[in-house]
Amino acid sequence: MSASIVFHGLAAVAYGILALSLWLPINKHQRPPRINRTFRVGLLAALIVHGTGLLSAIILPQGLHLGWALALSAGVWLGMIVFWFESLYRRLDSLLLILLPTAALVSLITTLFPDGFVVHHANNDWLRVHLLIALVAYGLAGVAAMPAILITVLDRQLHRPVQAMGQQNTWYRALDSMPPLMVQETLLFRLIRFAFIALSFTVLSGMAVSLQLTNQLVPLDHKTLFTILSWLTFGALLIGRRVRGWRGRAALRWTLAGFCFLLLAYTGSRFVLDVILQRGPFG
């Protein structure tokens with residue numbers, strides 16, 4: 001666990017430095033942030049350090065080690081990986097003004113709450129596949145929630161009076177540098193489609209694991225309930241988008257609802273058990 005704490009601490013510092021390199025020009029009324037090759041390599045290095053911390057924490061000799069902070073960290077890391085590849089094809093530099101501080105904060109939280117529990121039956125191949133797919137779905141839904149929140153903020157910003165150049169604060173200039181709403185909405189629904197596909201495989205693989213280990217097709221627990229609710233929410237959103245052309249605030253509300261269900265499926269419950277109630281997996 002000490003190695004994981006060190007790597008997550010280094011990742012938090014790296015993300016923080018990269019975030020400052022983007023926020024300082026905004027604060028000094030300089031140009032909007034743009035990613036160059038050096039910055040991209042630095043971000044990739046931070047992602048490698050972050051991933052190493054996750055690997056050293058989750059893969060243990062006695063089995064798979066998981067906890068609410070590690071799950072949150074894995075979700076953010078996977079989301080940042082998606083963004084890194086997406087940024088190769090789209091100009092999304094300004095989104096890092098939000099993503100990098102979030103990644104730094106989550107990495108720091110993981111160093112403060114490294115505890116968790118060892119998953120039973122970790123030698124079961126189906127369980128390993130299920131956990132991997134679930135983490136991917138969690139990460140995709142998490143990174144989709146960020147553009148959804150940002151689009152909401154930008155939509156409100158558009159309805160406010162335009163500030164003169166000399167009167168604009170740092171936050172106003174940061175929002176003004178963000179990609180157009182249409183670009184962000186396109187990215188949002190692409191992420192939602194990927195998240196829905198990953199959630200579909202999560203539900204199916206979870207059924208296979210449950211049949212093998214408990215002889216139940218659908219276990220009656222809160223994680224299954226909230227995961228299915230999230231899957232249904234994202235599915236309804238995609239159907240509404242295709243059939244009725246849902247967009248704007250309606251789409252954002254459905255996106256955030258789907259992510260909240262997924263958050264409650266694991267991270268929220270583990271936070272209550274591990275931190276507030278200080279109970280283990282069988283407490």
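Just so you know, these numbers come straight off a predicted model, no measurement behind them.
- In the hydrophobic clustering of this structure, L44 groups with L99; members are Ile, Leu, Val, Met, Phe, Trp, Tyr whose side-chain heavy atoms approach within less than 4.5 Å, directly or through other members.
- For F196, the ring-ring contact (aromatic ring centres under 6.0 Å, His included) criterion is met by W231, not counting sequence neighbours.
- Each of I48, V49, T111 was scored for a side chain to side chain contact (heavy atoms under 4.5 Å, CB included) with F7, with one residue passing: V49.
- In the hydrophobic cluster analysis, where Ile, Leu, Val, Met, Phe, Trp and Tyr join through side-chain heavy atoms closer than 4.5 angstrom, V13 is grouped apart from L22.
- The cluster map of Ile, Leu, Val, Met, Phe, Trp and Tyr, joined by side-chain heavy atoms under 4.5 Å apart, puts F85 and I192 in the same cluster.
- Closest approach of A195 and A141 over heavy atoms only: CB-N, 4.0 Å.
- Taking the side chain as every heavy atom from C-beta outward, L188 and L252 approach each other to under 4.5 Å.
- How far CD1 of I5 is from OG of S56: 9.5 Å, rounded to the nearest 0.5 Å.
- By the neighbour-count criterion of 12 heavy atoms within 6.0 Å, atom CZ of F201 is sparsely surrounded, having that number or fewer from other residues, nucleotides or ligands.
- Under a hydrophobic-cluster definition in which Ile, Leu, Val, Met, Phe, Trp and Tyr are linked whenever side-chain heavy atoms come within less than 4.5 Å, directly or via other members, F194 and L232 are assigned to the same cluster.
- Taken to the nearest 0.5 Å, the CZ atom of F83 stands 15.5 Å off from the CG atom of L78.
- Under a hydrophobic-cluster definition in which Ile, Leu, Val, Met, Phe, Trp and Tyr are linked whenever side-chain heavy atoms come within less than 4.5 Å, directly or via other members, M207 and L211 are assigned to the same cluster.
- Taking CZ of F226 as the start and SG of C260 as the end, the distance is 10.5 Å to the nearest 0.5 Å.
- Relative orientation of the H50 and H8 rings is perpendicular, given thresholds of 30° and 60° on the angle between their planes.
- Side-chain contact between S230 and L199 is present, with at least one heavy-atom pair separated by less than 4.5 Å.
- The shortest side-chain heavy-atom distance between T255 and F259 does not fall under the 4.5 Å cut-off.
- Here the OG1 atom belonging to T233 is positioned 11.5 Å from the CG atom belonging to L256, to the nearest 0.5 angstrom.
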Check step by step if side-chain contact (heavy atoms from CB on, under 4.5 Å) holds for L54 and S4. CA-CA 7 Å; L54 285 170; S4 172; over 6 Å; no
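- Other residues, nucleotides and ligands contribute more than 12 heavy atoms inside 6.0 Å of the CZ atom of F39.
- A salt bridge is absent between E185 and R190; no separation between the charged side-chain nitrogens and carboxylate oxygens falls under 4.0 Å.
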Step by step, would you call L237 with F189 a side-chain contact (heavy atoms from CB on, under 4.5 Å)? CA-CA 9 Å; L237 172 57; F189 276 95; 4.1 Å; yes
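- In this structure, the side chains of Y15 and L108 stay at 4.5 Å or more apart for every pair of heavy atoms.
- With contacts defined as side-chain heavy-atom distances shorter than 4.5 Å, the pair L96/L18 does not qualify.
- Here the CG atom belonging to L262 is positioned 8.0 Å from the OG1 atom belonging to T202, to the nearest 0.5 angstrom.
- V243 belongs to a hydrophobic cluster whose other members, connected by ILVMFWY side-chain contacts under 4.5 Å either directly or through intermediates, are I239.
- At a threshold of 4.5 Å between non-hydrogen side-chain atoms, the residues M80 and L43 count as touching.
- Atom CG of L238 is separated from atom CZ of F234 by 8.5 Å, given to the nearest 0.5 angstrom.
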